[in-house]
Number of protein chains: 2
Amino acid sequence: MSQYRTFTARDAVAYAQQFGGLDTPSELVDAQEVGDGNLNLVFKIFDRQGVSRIIVKQALPYVRCVGESWPLTLDRARLEAQTLVEHYQYSPQHTVKIHHFDPQLAVMVMEDLSDHKIWRGELINNVYYPQAAAQLGEYLAQTLFHTSDFYLHPHAKKAQVAQFINPEMCEITEDLFFNDPYQIHERNNYPAELEADVAALREDAQLKLAVASLKHRFFSQAEALLHGDIHSGSIFVAEGSLKAIDAEFGYFGPIGFDIGTAIGNLLLNYCGLPGHLGIRDAAAARELRLNDIHTLWTTFAARFQALAAEKTRDAALAQPGYASAFLQKVWVDAIGFCGTELIRRSVGLSHVADIDTIADDEMRHACLRHAITLGKALIVIAGRIDSVGELIARVRQYS
Amino acid sequence: MSQYRTFTARDAVAYAQQFGGLDTPSELVDAQEVGDGNLNLVFKIFDRQGVSRIIVKQALPYVRCVGESWPLTLDRARLEAQTLVEHYQYSPQHTVKIHHFDPQLAVMVMEDLSDHKIWRGELINNVYYPQAAAQLGEYLAQTLFHTSDFYLHPHAKKAQVAQFINPEMCEITEDLFFNDPYQIHERNNYPAELEADVAALREDAQLKLAVASLKHRFFSQAEALLHGDIHSGSIFVAEGSLKAIDAEFGYFGPIGFDIGTAIGNLLLNYCGLPGHLGIRDAAAARELRLNDIHTLWTTFAARFQALAAEKTRDAALAQPGYASAFLQKVWVDAIGFCGTELIRRSVGLSHVADIDTIADDEMRHACLRHAITLGKALIVIAGRIDSVGELIARVRQYS
């Protein structure tokens, strides 16, 4: 008996008592809704001591944005929960734990991470987590390797591809990443001062060819079960800890998309730093971001290769040298997808606080322009950036 | 009430009367089983005048081969029928018409093609069909374009990817094309005289890296609804007519796989011709095969590009020049897959009559060696063969 209804705080408490897996569920007495209310209800469930013990998250059947209601499938709660359950299986240290989910109620009960903070906010506030980049690389390697053709039995992989077909959420990415910024569209969102820069995107045939190829890969390359939206706002950090959340965009896609999104959000922060810090501090923070990008990729690639050497089940893909050759292709994809993330976060519907919270208009516009220029360059020259060192050199070149 | 049971000739007649869509079904009176009985029962259904009017095909729940029974999903009948129905929608001239199918009985009723002949037999007998190559290129362009991301709505594409998940039949290809010939395996089938040539495949690291990459693409690149087994034995021809049949390997995969299989079978025939014809006739027939390969590719590519220019629904993929850039990648894939077809048909479980029916041992071995050498070269240098003219030059080089 679980037909969809929107939860009240009281419902959330009762649900957490029933499905939270706590030894003394009657300890749970109160709830507070902490989501932004646009996409989901997120309840923190408190015990008698006022300590938040568990999270109840429920998907809403619409998105409030661009001024009106946009209906959105409740099935995304199933996709999110199942993606996180799969990822947890392979990277329990770095994936939020799902205790329970109900597809009809579009609700899940999950680990409380009140002792963590959203990484994006910390990056903006220049609070450094020296282990975060390596942990993110580790998360990406474990989850993407173990859901790839290297590891999964072909029958299991195909069944999972079908299970994780995610048309509505993928459509959002397909539109916002690969279409809107390169055409006139009402969803686009950028200051009038950038009109010439944005018009130049629309008129750049070489760029649009490269974007078409990236979109085609996003459509058709079922390489692994992606998180699908692994930006710094979908990542909780604490000292020595990193946890991925919010996987409602999960589907089988190109591995480079997750890597590119992760790197892209570090670069968006890089672009925004002069708007938040003085010159010296911004320069120092930028070096940290570049180091993080280096660490993220090298950790990811080393772990993926180690896993491939140890655990590849497919006889053909186990050929020595193949994993390394494949990672070179993933890298080129990642640079391209990273570029699309930089552009869509500067020009498209959904921006990042790293740049949008810069109060000074001129500075904000300069940062946006920087992100657009860098994104454009990365998309077009992705095939010529053959290492993370070369990427970092190019980022410095476009600074 | 259609639980699976193996059809008798009487059952087949009754079924054809019921589902054949004929105006006077009582005219159908007799049936003859004409399949090889290894995979499927194929009944020709005759009228009172002894004319074959319609075909009833039923999948058997096993394959008899390598000396024992190999269970095989009956779901392949659904996949075959649905693939042919989809393909018929886009290329009715060149796809056998399915009148009816029943997934539980694993049976389909389809167009009779008794006035056609299997292309492979005609190629071996050197009976030339001047329109066949262009018609096959047209079939491939229409079916592959209209089931690709260029044309299908992303939601429809994803639903079809799930519908056409085909684990058991894909596994056969995954094993026979990409594994067996490159390792010692009991399924392999080649004369002892070729042991050194076959051992060289197993020891060629560069070759095995390229094969791993092709297998990975076969696993993960959901570009279009492939026929999946479009060799010259799955193609009926008559004067001015060509019809594809036998699509039980249908799934969403890399477009280059279908192209490569089609070209590969023309090349297998090319390799075998000296075993069937005198020197002059063989040389002339070989020129026809090379012309056919040229025609097949140029027809396919021109039609695909024309369809892309006219009917691409996806805004990003509609970027001028993108379809052409994509076809260049399809071409490289096709050459690689073509190479794997040449090798697996010479070394692996399933051979082709074009070579296997050559009576003289020495000649047959020479033809097998030719196919292996050519296949190996094509796999390794695929990325450097940038046109069909260049392919033909390479084929001459390895003759």
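Here the structure is a predicted model, which means the values were calculated and not measured. Convention: sequence-line order gives letters A, B, ...; per-chain numbering from 1.
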Pair count under 4.5 Å, heavy atoms only, with chain A: among B/P167, B/S148, B/P154, highest is B/P167

For chain A, which of B/A315, B/C170, B/A316 has the most heavy-atom pairs under 4.5 Å? B/A316

Would you say the side chains of A/Y190 and A/E195 form a donor-acceptor pair under 3.5 Å? yes

What part of B/F326 gets closer than 4.5 Å to chain A, counting heavy atoms only: side chain, backbone, both or neither? side chain

For A/A212 and B/L317, which heavy atoms make the closest approach, and how far apart are they? O-CD1, 3.6 Å

Between A/V161 and A/A222, what is the shortest heavy-atom contact and its length? CG2-CB, 4.4 Å

Given that the side chain runs from C-beta out, which part of B/D175 has a heavy atom under 4.5 Å from chain A: side chain, backbone, both or neither? neither

Any side-chain donor-acceptor pair under 3.5 Å between A/R217 and A/Q221? no

What part of B/P254 lies closer than 4.5 angstrom to a heavy atom of chain A: side chain, backbone, both or neither? neither

Counting only heavy atoms closer than 4.5 Å, note whether A/A318 contacts chain B via side chain, backbone, both or neither. neither

Let me know if B/S213 has heavy atoms under 4.5 Å from chain A in its side chain, its backbone, both or neither. both

Is the distance between the ring centroids of A/F218 and A/F257 less than 6.0 Å? yes

Which bit of B/L209 comes within less than 4.5 Å of chain A, counting heavy atoms only: side chain, backbone, both or neither? both

Counting heavy-atom pairs under 4.5 Å with chain B, the top scorer among A/A224, A/A325, A/A205, A/A159 is A/A205

May I ask you to say whether B/K215 pairs ionically with A/D149, meaning some side-chain N is under 4.0 Å from a carboxylate O? no

Chain B contacts, top residue of A/K208, A/Q183, A/E168, A/K157 (heavy-atom pairs, under 4.5 Å): A/K208

Does NZ or CZ of B/R313 come closer than 6.0 Å to the centre of the six-membered ring of B/Y151, within 45° of the ring's axis? yes

Under a 4.5 Å cutoff for heavy-atom pairs, which residue among B/G321, B/A162, B/S220 has the most contacts with chain A? B/S220

For chain A, which candidate among B/F178, B/F150, B/F219, B/Y182 shows the most heavy-atom pairs at distances under 4.5 Å? B/F219

Go through the atoms of A/Y251 and report whether side chain, backbone, both or neither lie under 4.5 Å from a heavy atom of chain B. neither

Heavy-atom pair count under 4.5 Å with chain A, highest-scoring of B/D314, B/N179, B/V211: B/D314

For a 4.5 angstrom cut-off between non-hydrogen side-chain atoms, does A/L176 reach A/L349? yes

I'd like to know which of B/K329, B/Q319, B/H216, B/E223 tops the heavy-atom pair count under 4.5 Å against chain A. B/H216

Pick out which of A/E86, A/R78, A/E80 makes a side chain to side chain contact (heavy atoms under 4.5 Å, CB included) with A/Q82. A/R78

Under 4.0 Å between a Lys/Arg side-chain N and an Asp/Glu carboxylate O for B/K158 and A/E174? yes

Please look at B/Q163 and chain A and tell me whether the side chain, the backbone, both or neither of the residue comes under 4.5 angstrom of a heavy atom of that chain. neither

